[in-house]
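Starting from 1, each residue takes its place in the sequence as its number.
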Amino acid sequence: MCEDARDIGRRGLFVTGAAAAVTVAGAGSAAADGADRETRTVRGTLPTGSPDFVYVPVEVPRGVRELRVSYTYDRPAVPAGTAGNALDIGLFDERGTGLGGRGFRGWSGGARSEFFVRADDATPGYLPGPVRPGTWHVALGPYTVAPQGLAYELTVTLTYGEPGAAVRPVYPPERARGRGRAWYRGDCHLHSTHSDGRRTPAAIGALARAAGLDFINTSEHNTTSAHAHWADVAGDDLLVLLGEEVTTRTGHVVALGTGPGTFVDWRYRARDDRFGRFARRIRRAGGLVVPAHPHATCIGCAWKFGFGEADAVEVWNGPWTPDDEVALASWDATLVATVRDGRGWLPAMGSSDAHRDPDVVGLPQTVVLADDLTREAVLAGIRAGRSYVAESKDVSLVLGVSGGRGEHAGIGERLAVGRDTPVTVRLEVSGAPGGTVRLVTDQGVLFTGGPLPASGTGTVEWRTTPAYAAYVRAEVRRAAADPVVPGPPVAFTNPVFLGRD
C-alpha cells in the first residue's frame, strides 16, 4: 500500500513542511512466506533550509515482532560548487525523540538504505530490543539539500508474531595483559560496519594486532551498537575501549573510553550552547572528550565548539594532509596560551579514522606511557599528555629534559627549575631513516638536526634555559619537497614544560 504525503496531510497526519506520518494498524495481510506483515510507503520533499532533523511518526500497534525501514531519495544534477542531496536516517522508539537519546534505537547516517530492529537482532548501527507499542519516529537528517529540494520515499514494514529472545550484551574487559608501567600503542578512532566503515570488528582486530597496537577504541558515528560486538575481538594482547564519534553539524568529537552502552547525543550545533552538557556526560561515563580532525574541510567536520571542554585533541588524522598541518600549528598555539595564562594544557593525539581498504589501521598511532594496559591507566596517560604520535610501530621516540642537579622530566611533565637554570634536552629516535629532527618551543623551531642515518636511529642533544624556552617538544619529519613547507611528520611528541609554575 502506498500513500502520497498530500493525501495523508488531508487527514491531519502530515508533519508540516517536512514529512508524512506512517500509520500502520491491525494485522494486515499475510505475506507469501506466511509471515503476517503490513507495509506502507510515504513520499515527501524536503526543501533547502530544512531543519537538521525531521521526525516521521510511525504508529506501532501491539503484537509487532519486527520493524523494518527502507528509503530512497533523488539525486538531481546540480551546478558545479553546489551541494547535492544527501539524506541520513535513524530510529527512535516510543520513548520519544527528546535530546539525550532516551528513545534512541539506532543511526546509520547515509551508510545504509534499509534497516530492521527486533528483540533478538538488529541491523548494525541499531540496537536490538522489543518493538513496543506506541509512536515511534524515523529520523531523517538532510545533510545537504539540492536547490531543487530533496524528494524521498520511505517504506515501513511491520511484521507481527512472537518476539524472539532478548539479547544480553557482552562487553570487552577493561583490562588486558600489560607490561606494567610501559609505553602502549593505540588507535582511538576507528569505524566498522556498525556505522560507515566496511570492516567487521574481527577484521579491525586482526589489523590492529598486525599494526603492533596494544589498544583500540571503537568510535562509530552517533551509535553505540558496536559496543556489544567487541568481546570476542579483545584478548590478553589487545585492550578494546568503547566510545562513539559524536558527529554534529558543527564538528565531530570522539567520546573515548566511555562505559559500555553510553550514548552521547549529537543533535545540536555550536550555536545551541548544548555541548557542555554532553561533554560532562562523556566524563561521567569515565571517558575523555577528544575533538576529531578539528580543521577538516568536509561539511560539518571542522570543530566549532572551542576547546574549553576538551581533554585532548586529535591533531593527526589518517594520512598526513594540509589540514593536519594546520591542526598541529593551531594546537601549538594553545601551548603558548597555557604558558601565558598558567592554565591547564591540551594534549595532542593521533588516530587513523580508518573506514575501509586501503585505510591503514594504526596510521598514525598514539603511544602512551601508562601504569598498565587497562582502560583507567591508558585514559589517565592520555589525559596527562604522557604520549607521542607515530606513523607506525616501527617508530619510537624518547624525549627528556635534565637539570644539573639530577632533575629530570619526560613527555607531559614539568622540569621545575629556575628561569636561568641550564637544562639539557635529549631526544632518542628509532625507525625514522632520513628523518629530520626539530625541537619546537614557544618561540618556534629553535633546533633542527639530521638527516638521520639509514638505520633510522639517532640521538640529539640541545641546551637551553626555561627563560629561553618555556616548553620543548620534538618533531621528526621526512625530507621536504618544498623548501617553504616542512615535510610530513614521522612522529611528534607532547611537550615537556620548563620552569616553575
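- Between Gln443 and Leu446, the shortest heavy-atom contact is NE2-CD1, 4.0 Å.
- To the nearest 0.5 Å, atom OG1 of residue Thr223 and atom NE2 of residue His227 are 8.0 Å apart.
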- Task: Report the C-alpha separation of Val417 and Leu498 in whole Å, then their side-chain angles, then the decisive distance to 0.1 Å, and conclude whether the side chain to side chain contact (heavy atoms under 4.5 Å, CB included) test is met.
- Result: CA-CA 7 Å; Val417 296; Leu498 308 180; 5.9 Å; no

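- The side-chain heavy atoms of Glu244 and Ile282, taken from C-beta on, include no pair separated by under 4.5 Å.
- Taking a 6.0 Å sphere around CZ of Arg283, one finds it holds more than 12 heavy atoms contributed by other residues, nucleotides or ligands.
- Figure legend: Arg102 and Phe104 shown without cation-pi pairing, the cationic atom not lying both under 6.0 angstrom from the six-membered ring centre and within 45 degrees of its axis.
- When atom types are taken as modelled, the side chain of Arg249 and the backbone of Asp52 share a donor-acceptor pair closer than 3.5 angstrom.
- Side-chain atoms of Arg375 and Val378, non-hydrogen and from C-beta on, never get closer than 4.5 Å to each other.
- Between Ala370 and Ala377, the closest heavy-atom pair is CB-O, 3.6 Å.
- Salt-bridge annotation for Arg274 and Asp265: absent, with no side-chain N of the basic residue lying under 4.0 Å from a carboxylate O of the acidic one.
- The two residues Leu427 and Ala474 have their closest heavy-atom pair at CD2-CB, 3.8 Å.
- Between Leu241 atom CG and Thr218 atom OG1 the span is 10.0 Å, to the nearest 0.5 Å.
- Smallest separation of non-hydrogen atoms from Pro347 and Ala384: CG-C, 4.4 Å.
- Listed for the Ser330 side chain is no donor-acceptor partner under 3.5 Å among the backbone atoms of Ala327.
- Two residues are said to be in side-chain contact when any heavy atoms from C-beta on lie closer than 4.5 Å; Arg473 and Thr441 fail this criterion.
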- Go through Asp420 and Thr465 one step at a time and tell me if the side chain to side chain donor-acceptor pair (under 3.5 Å) criterion holds. CA-CA 6 Å; Asp420 298 319; Thr465 66; 5.2 Å; no

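- Of the options Asp237, Asp187, Asp214, a salt bridge (Lys or Arg N to Asp or Glu O under 4.0 Å) to Arg209 is made by Asp237 and by none of the others.
- Looking at heavy atoms from C-beta onward, Asp359 lies in side-chain contact with Arg199 at the 4.5 angstrom threshold.
- The number of heavy atoms from other shown groups lying within 6.0 Å of CZ (Arg419) does not exceed 12.
- From Ser192, atom OG reaches atom NE2 of His229 across 9.0 Å, with rounding to the nearest 0.5 Å.
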- Task: Take Arg267 and Leu99 through the side chain to side chain contact (heavy atoms under 4.5 Å, CB included) test and state the conclusion after the steps.
- Result: CA-CA 7 Å; Arg267 294 170 294 157; Leu99 196 64; 4.1 Å; yes

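- Trp331 places no side-chain N or O within donor-acceptor distance of the main-chain N or O of Thr334, the cut-off being under 3.5 Å.
- For the pair Val69/Ile89, a side-chain contact is recorded, criterion being any heavy-atom separation below 4.5 Å from C-beta on.
- Distance check, rounded to the nearest 0.5 Å: OG1 of Thr248 to CZ of Phe278 gives 11.5 Å.
- Cation-pi contact between Arg105 and Phe115: absent, since separation from the ring centre below 6.0 Å together with deviation from the ring axis within 45° is not met.
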- Kindly determine whether Glu475 and Arg477 satisfy salt bridge (charged side-chain N to carboxylate O under 4.0 Å, His left out), including the steps that lead there. CA-CA 6 Å; Glu475 297 178 0; Arg477 290 180 176 259; 2.8 Å; yes

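- Looking only at side-chain heavy atoms (C-beta outward), Leu288 and Ile382 come within less than 4.5 Å of each other.
- The shortest heavy-atom contact between Pro364 and Val389 is CB-CG1, 3.8 Å.
- Within 6.0 Å of OH in Tyr468 there are 12 or fewer heavy atoms belonging to other residues, nucleotides or ligands.
- Atoms CD and CG, on Glu220 and Asp196 in that order, are 8.0 Å from each other to the nearest 0.5 Å.
- Annotation: side chain of Thr424 is not in contact with side chain of Val401 (no heavy-atom distance under 4.5 Å).
- Taking the six-membered ring for Trp and thresholds of 30 and 60 degrees, Trp316 and Phe492 have nearly parallel ring planes, at less than 30 degrees apart.
- Distance check: Leu397 CG to Ile411 CD1 gives 6.5 Å after rounding to the nearest 0.5 Å.
- Not one N or O on the side chain of Ser402 forms a donor-acceptor pair closer than 3.5 Å with the backbone of His408.
- Looking at Phe275 and Tyr268, their side chains come closer than 4.5 Å, going by heavy atoms from C-beta outward.
- Taking the six-membered ring where tryptophan is involved, the planes of Trp183 and Tyr388 are tilted, since the angle between them lies from 30° to 60°.
- With sequence neighbours excluded, no residue forms a salt bridge (charged side-chain N to carboxylate O under 4.0 Å, His left out) with Arg271.
- Enclosure of atom CG in Asp357 by more than 12 non-hydrogen atoms of other residues, nucleotides or ligands within 6.0 angstrom is indicated.
- By the salt bridge (charged side-chain N to carboxylate O under 4.0 Å, His left out) test, Glu428 pairs with Arg426, sequence neighbours left out.
- When atom types are taken as modelled, the side chain of Asp311 and the backbone of Val289 share a donor-acceptor pair closer than 3.5 angstrom.
- Using a distance-only test at 3.5 Å, with no hydrogens or angles considered, no donor-acceptor pair links the side chain of Asp442 to the main chain of Ala469.
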- Query: Run the salt bridge (charged side-chain N to carboxylate O under 4.0 Å, His left out) check on Glu391 and Arg478 step by step: do they pass?
  - Reply: CA-CA 11 Å; Glu391 69 172 8; Arg478 299 193 186 283; 2.3 Å; yes

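- In this structure, Arg383 does not pair ionically with Glu376, as no charged nitrogen and carboxylate oxygen lie closer than 4.0 Å.
- Under a 3.5 Å cut-off, the side chain of Asp353 and the backbone N or O of His189 do not form any donor-acceptor pair.
- A donor-acceptor pair under 3.5 Å links the side-chain atoms of Thr247 to the main chain of Glu245, judged by distance alone.
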- Task: Take Leu213 and Val361 through the test side chain to side chain contact (heavy atoms under 4.5 Å, CB included) and record every step on the way to the result.
- Result: CA-CA 9 Å; Leu213 300 181; Val361 173; 4.0 Å; yes

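- In this structure, Ser219 contributes its side chain and Val254 its backbone to no donor-acceptor pair below 3.5 Å.
- Listed by first and then second residue, the disulfide (SG to SG under 2.5 Å) pairs involving residues 267-318 are Cys298-Cys301 (not counting sequence neighbours).
- Just one of Arg198, Arg356, Arg112 meets the side-chain contact (heavy atoms from CB on, under 4.5 Å) condition when paired with Thr193; it is Arg112.
- Ring centroid separation for the pair Trp345 and Tyr471 does not come in under the 6.0 Å cut-off.
- For the 3.5 Å distance criterion, the side chains of Asp372 and Thr374 fail to qualify, holding no donor opposite an acceptor.
- The two residues Asn217 and Ala255 make their nearest non-hydrogen contact at ND2-O, 4.0 Å.
- The aromatic rings of Phe263 and Trp266 lie perpendicular to each other, with more than 60° between the two planes, well past the 30° mark.
- Of the possible polar contacts, one joining the Thr123 side chain to the Phe116 backbone as a donor-acceptor pair under 3.5 Å is found.
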